[in-house]
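Below: the structure, in structure tokens.
Everything numeric here is computed off the predicted structure, so don't read it as measured data.
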Amino acid sequence: MRHVIALDVGGTGMKAALVGADGTLLHEDRRATGRERGPDAVIAAILDFAADLRAHGTERFGEPAVAAGVAVPGIVDETRGIAAYAANLGWRDVPLRDLLTARLDCPVALGHDVRTGGLAEGRVGAGRGADRFLFVALGTGIAGAIGVDGRVEAGAHGFAGEIGHIVVRPGGTPCPCGQHGCLERFASAAAVSEAWAAACGDPEADAADCAKAVTSGEPNAVRIWQGAVDSLADGLVTALTLLDPRTLIIGGGLAEAGETLFTPLRDAVRRRVTFQKLPAIVPAALGDTAGCLGAGLLAWDLLGTTDGADTTGSTEAADSTEAADGTDATDGTATTDGMEVTP
């Protein structure tokens with residue numbers, strides 16, 4: 001059975017799958033990244049994991065994977081296949097695509113983790129059927145993926161979608177990027193966690209705790225949360241003014257607060273738009289499987305087909321009649337071209 005390897009590398013763990021041509025997850029596995037052992041050990045772990053997946057596919061399906069897709073964090077040169085920099089993994093200028101190609105003896109696509117997750121959300125998740133979408137992940141930082149006709153735009157230098165570094169509060173909190181007042185310093189899950197921990201006096205408190213306190217009306221929590229929502233709305237309106245997306249997909253840790261986030265956020269964005277068209281603002285549908293699913297899509301795209309259809313600039317393979325958020329309202333599941341994914 002023809003299949004590809006999909007591998008999503010995170011700061012602490014790796015998620016992997018063997019994916020069939022119809023999108024079916026034929027095999028899934030997870031391993032620790034092992035970053036505490038240094039960047040060389042992380043690279044070795046990735047190569048070993050990929051090789052084990054290839055061996056499993058050969059044994060189970062009678063043939064090795066025909067391609068592989070790998071998503072990694074940090075700065076990624078997708079054209080050259082180089083993992084240029086990742087602070088949380090400690091590497092610089094790693095020719096990861098070439099290393100994997102040599103180890104697996106098949107074509108390999110290398111992608112940025114957020115853009116790869118955005119690709120999956122756009123094609124088979126919350127943005128399914130939308131010709132233009134913006135995926136924004138609210139995690140330790142904030143990053144985005146700009147989707148156009150079933151593809152995600154990387155930009156001329158691989159920096160497209162870095163919405164977390166839009167300055168929303170000029171002269172505000174310093175950002176490690178060198179600017180002051182960047183969006184992610186006010187509206188990321190990490191920023192909310194830091195502010196709430198300081199306000200409540202519990203260093204272990206996080207954004208999820210803040211969201212719970214908001215629902216109970218705790219004044220400091222409401223103040224912190226509304227500040228984050230206002231900052232996020234300012235950044236998003238800048239982005240939608242430039243990009244005019246049909247669907248705005250919000251994912252990451254902060255989005256797990258559900259309507260505690262989405263209700264005030266939709267209101268805040270609505271108040272700020274003037275001439276701009278208001279996009280549908282929806283939660284991500286694929287949860288932590290998005291990166292792995294996106295890596296599988298990258299691999300099939302290398303071969304020129306996904307589900308047997310030409311994918312060069314087309315989303316026709318993703319049924320345009322799907323609901324805009326790609327989810328079943330009763331249970332939050334998303335259908336992914338032949339499989340059901342429950343975030």
Side-chain angles (χ1 to χ4, degrees), residues 2-11 13-19 31 33-35 38-55 57 64-120 122-123 135 137 143-148 150-162 290-306 311-313:
R2 283 182 100 226
H3 63 277
V4 299
I5 293 169
L7 183 57
D8 178 22
V9 179
M14 298 184 284
K15 296 179 285 290
L18 299 180
V19 186
R31 289 186 186 177
T33 303
R35 64 178 178 178
D40 289 341
V42 171
I43 295 165
I46 293 170
L47 295 176
D48 289 344
F49 197 9
D52 289 347
L53 290 163
R54 182 182 189 276
V66 292
V70 182
V72 297
I75 299 171
V76 183
D77 185 336
E78 296 173 1
T79 301
R80 297 168 58 212
I82 293 175
Y85 175 71
N88 58 349
L89 296 179
W91 64 32
R92 287 183 181 271
D93 298 323
V94 179
L96 197 54
R97 184 178 65 193
D98 288 347
L99 293 172
L100 284 161
T101 299
R103 188 72 174 268
L104 299 175
D105 192 28
C106 70
V108 176
L110 183 68
H112 179 271
D113 56 353
V114 173
R115 287 196 292 269
T116 302
L119 176 67
R123 284 203 201 166
F135 170 69
I146 302 164
V148 181
R151 299 288 181 182
V152 170
E153 174 60 48
H157 307 96
F159 297 121
E162 290 293 344
C292 197
L293 292 170
L297 291 171
L298 288 179
W300 283 114
D301 283 357
L302 272 182
L303 305 176
T305 60
T306 300
T311 61
T312 53

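Heavy-atom minimum distance, A6 versus G296: CB-N, 3.4 Å. The two residues A145 and G118 make their nearest non-hydrogen contact at CB-CA, 3.9 Å. Closest non-hydrogen pair, I5 versus A65, comes out as CG1-CB, 3.6 Å. Looking at every heavy atom in both residues, L119 comes nearest to R151 through CD1-CA, 4.5 Å. Among all heavy-atom pairs drawn from H3 and W300, the shortest one is CA-CZ2, 3.9 Å. The two residues G69 and A299 come nearest to each other via the heavy atoms N-CB, 3.5 Å.
To the nearest 0.5 Å, atom SG of residue C292 and atom CG of residue D113 are 12.5 Å apart. One finds the CZ atom of F159 at 4.5 Å from the CD1 atom of I75 (value rounded to the nearest 0.5 Å). A distance of 9.0 Å separates OG1 in T101 from CG in L96, rounded to the nearest 0.5 Å. For the atom pair T33 OG1 and N88 CG, the distance stands at 8.5 Å (nearest 0.5 Å). With rounding to the nearest 0.5 Å, the separation of CG in L293 from CZ in R123 is 12.0 Å.
In this structure, the side chain of R97 does not engage the main chain of L110 through any donor-acceptor pair within 3.5 Å. Counting only distance, with no hydrogens or angles, the side chain of T116 and the backbone of G291 share no donor-acceptor pair below 3.5 Å.
Here salt bridge (charged side-chain N to carboxylate O under 4.0 Å, His left out) pairs that include residues 70-91, with residues two or more places apart or in two chains, are D77-R80, E78-R115.
Residues passing the side chain to side chain contact (heavy atoms under 4.5 Å, CB included) test with A109 are L298, L302, sequence neighbours excluded. Checked against side chain to side chain contact (heavy atoms under 4.5 Å, CB included), R92 has the following partners two or more places apart in sequence or in another chain: Y85. With sequence neighbours excluded, the residues satisfying side chain to side chain contact (heavy atoms under 4.5 Å, CB included) with E162 are H112, A143, H165.
Side-chain contact between W91 and V72: present, with at least one pair of heavy atoms (C-beta onward) separated by less than 4.5 Å. L18 places none of its side-chain heavy atoms less than 4.5 Å from the side chain of V4.
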Could you list the donor-acceptor pairs under 3.5 angstrom formed by side chains in residues 40-53, with sequence neighbours left out?
unit_1, atom_1, unit_2, atom_2, d
D48, OD1, R103, NH1, 3.4
D48, OD1, R103, NH2, 2.8
D52, OD2, R31, NH1, 3.1
D52, OD2, R31, NH2, 2.7

